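Read the structure below first, then the notes.
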Amino acid sequence: MAVDNSFLAKRFLKTETIFVLYSTATNMPFVECDQTTFLDQIFAFTKEETLQQYAKIFTKVHYGLRALQFPNDKFQVLFDQMYAMGADTIQFVDEGAPVALSLADVAEESAYPDLPKDIPTTNPEFQLTAAYFMQDARRKMERTDEEQRHLRELEEEMAVNLVRSKLIVAFETSQVKGKWNPADKSQKVGVPYIRNKAGKVFYPVYSDFYEFRRFNSGSSNLKLSITAVDYDALPKLLHKPAESFVFNPASLNLLLNADQLAEMKRRYAPDVQ
């Protein structure tokens, strides 16, 4: 059983290096719900061998996992990411029982004073439920009826949060003179599509500014402008050559076409306005 002791946990903040269990399904820290406290927790280890032993609990039931190493000067970025995805605690494992540290106590919420007020900076409700769903959905296994029901429950939780979300789409606005106005259809803009190795084209959608910045941090050659859209507006934005949307391409890489978006709302969130 994990020990919730902030004093002990703070000494781990001085550790030179930690190893964190990442999900290959989401490219985010692997998150687990504690069955006693119901807190959403992420595990960090001072030794990679300890991580590998712990990971066997989940790899034997077909979760895709990998270890990532973080030096001390990257801890803050890591904690901010964990907090942004909706996790409650980070469990530090060295010797003995894990020591819990509340992410709310160590994470720093970034301020973006220049962003329009309708742009979501984070979206932890969707991020967390999507992480649980994708971790489970991408397990390569034959499922029992009970496991199928559990997967549908995870999908429903994710879908409800997605349908309720204010989302971000981007446009290439280098040819716009002056300030870009999303409502001005006469302004000439481009769409920054994503093409995969198979040649298929997708329109990226971001759950929040954190995810937009994460994916586009290296796109200095593009002049990207963003706007917030409701879930129901997405189908109107899908045009050829794009075949579907890709949600949070840097992490979830969740592919949904217009028909799937409509079906998801019909099945899982019919009462959401």
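If you're wondering where the values come from, they're calculated on a predicted model, not measured in any experiment. Along the sequence shown, residues are numbered consecutively beginning with 1.
Between Leu51 and Ala67, the shortest heavy-atom contact is CD2-CB, 3.6 Å. The two residues Pro204 and Pro249 have their closest heavy-atom pair at CB-CG, 4.2 Å. Scanning all heavy atoms of the two residues, the minimum distance from Leu128 to Ala87 falls at CD1-N, 4.4 Å. Phe38 and Cys33 make their closest contact through CA-SG, 3.8 Å (heavy atoms, listed as atom of the first residue, atom of the second, distance). Phe209 and Ile168 get closest at one heavy-atom pair: N-CD1, 3.3 Å. Here the closest heavy-atom approach between residue Ala44 and residue Val20 is recorded as CB-CG2, 4.1 Å.
Using bins of under 30°, 30° to 60° and over 60° for the plane-to-plane angle, the ring pair Tyr206/Phe212 lands in the perpendicular bin.
Among Leu162, Leu167, Val160, the one residue that satisfies the side-chain contact (heavy atoms from CB on, under 4.5 Å) test with Phe126 is Leu162.
Tyr210 has its side chain out of reach of Thr121: every pair of non-hydrogen atoms, C-beta onward, lies at least 4.5 Å apart. Between Leu256 and Gln260, the closest side-chain pair of non-hydrogen atoms falls below 4.5 Å. The shortest side-chain heavy-atom distance between Thr46 and Phe92 does not fall under the 4.5 Å cut-off. Residues Leu234 and Val229 have side chains in contact (heavy-atom distance under 4.5 Å, counting atoms from C-beta outward). Within the 4.5 Å cutoff, no side-chain heavy atoms of Tyr203 are placed close to those of Val246. Leu65 places none of its side-chain heavy atoms less than 4.5 Å from the side chain of Thr24. Side-chain atoms of Ile18 and Phe12, non-hydrogen and from C-beta on, never get closer than 4.5 Å to each other. Contact annotation: the side chain of Tyr132 never approaches that of Thr129 to less than 4.5 Å [non-hydrogen atoms, C-beta and beyond].
Salt-bridge check for Arg266 with Glu263: passed, with a basic side-chain N closer than 4.0 Å to an acidic carboxylate O. Between Arg152 and Glu155, none of the side-chain N atoms (NZ, or NE/NH1/NH2) sits under 4.0 Å from a carboxylate O, so this pair counts as no salt bridge. Ion pairing between Lys166 and Asp208 fails under the 4.0 Å rule for side-chain N and carboxylate O. We find that Arg143 and Asp136 are joined by a salt bridge, their nearest charged nitrogen and carboxylate oxygen being less than 4.0 Å apart.
Judged by distance alone, with hydrogens and angles left aside, the side-chain atoms of Thr26 form a donor-acceptor pair with the main-chain N or O of Met28 at under 3.5 Å.
Glu172 and Ser174 share a donor-acceptor pair across their side chains, judged by distance under 3.5 Å alone. Donor-acceptor pairing under 3.5 Å is recorded for the side chains of Arg66 and Asn27. For the 3.5 Å distance criterion, the side chains of Ser251 and Glu211 qualify, holding a donor opposite an acceptor.
Rounded to the nearest 0.5 angstrom, Gln52 CD and Lys56 NZ are separated by 8.0 Å.
Aromatic ring centres of Phe202 and Phe245 lie farther apart than the 6.0 Å criterion allows. Remark: aromatic rings of Phe30 and Tyr63 are close, center separation under 6.0 Å.
In Asp145, the CG atom is not crowded: 12 or fewer heavy atoms of neighbouring residues, nucleotides or ligands sit closer than 6.0 Å.
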Exercise. List the steps, then state whether side-chain hydrogen bond (donor to acceptor under 3.5 Å, both in side chains) holds for Gln76 with Asp80.
Key: CA-CA 6 Å; Gln76 190 61 60; Asp80 294 349; 2.9 Å; yes
Exercise. Check step by step if side-chain hydrogen bond (donor to acceptor under 3.5 Å, both in side chains) holds for Gln127 and Asn248.
Key: CA-CA 9 Å; Gln127 285 277 62; Asn248 293 353; 3.2 Å; yes
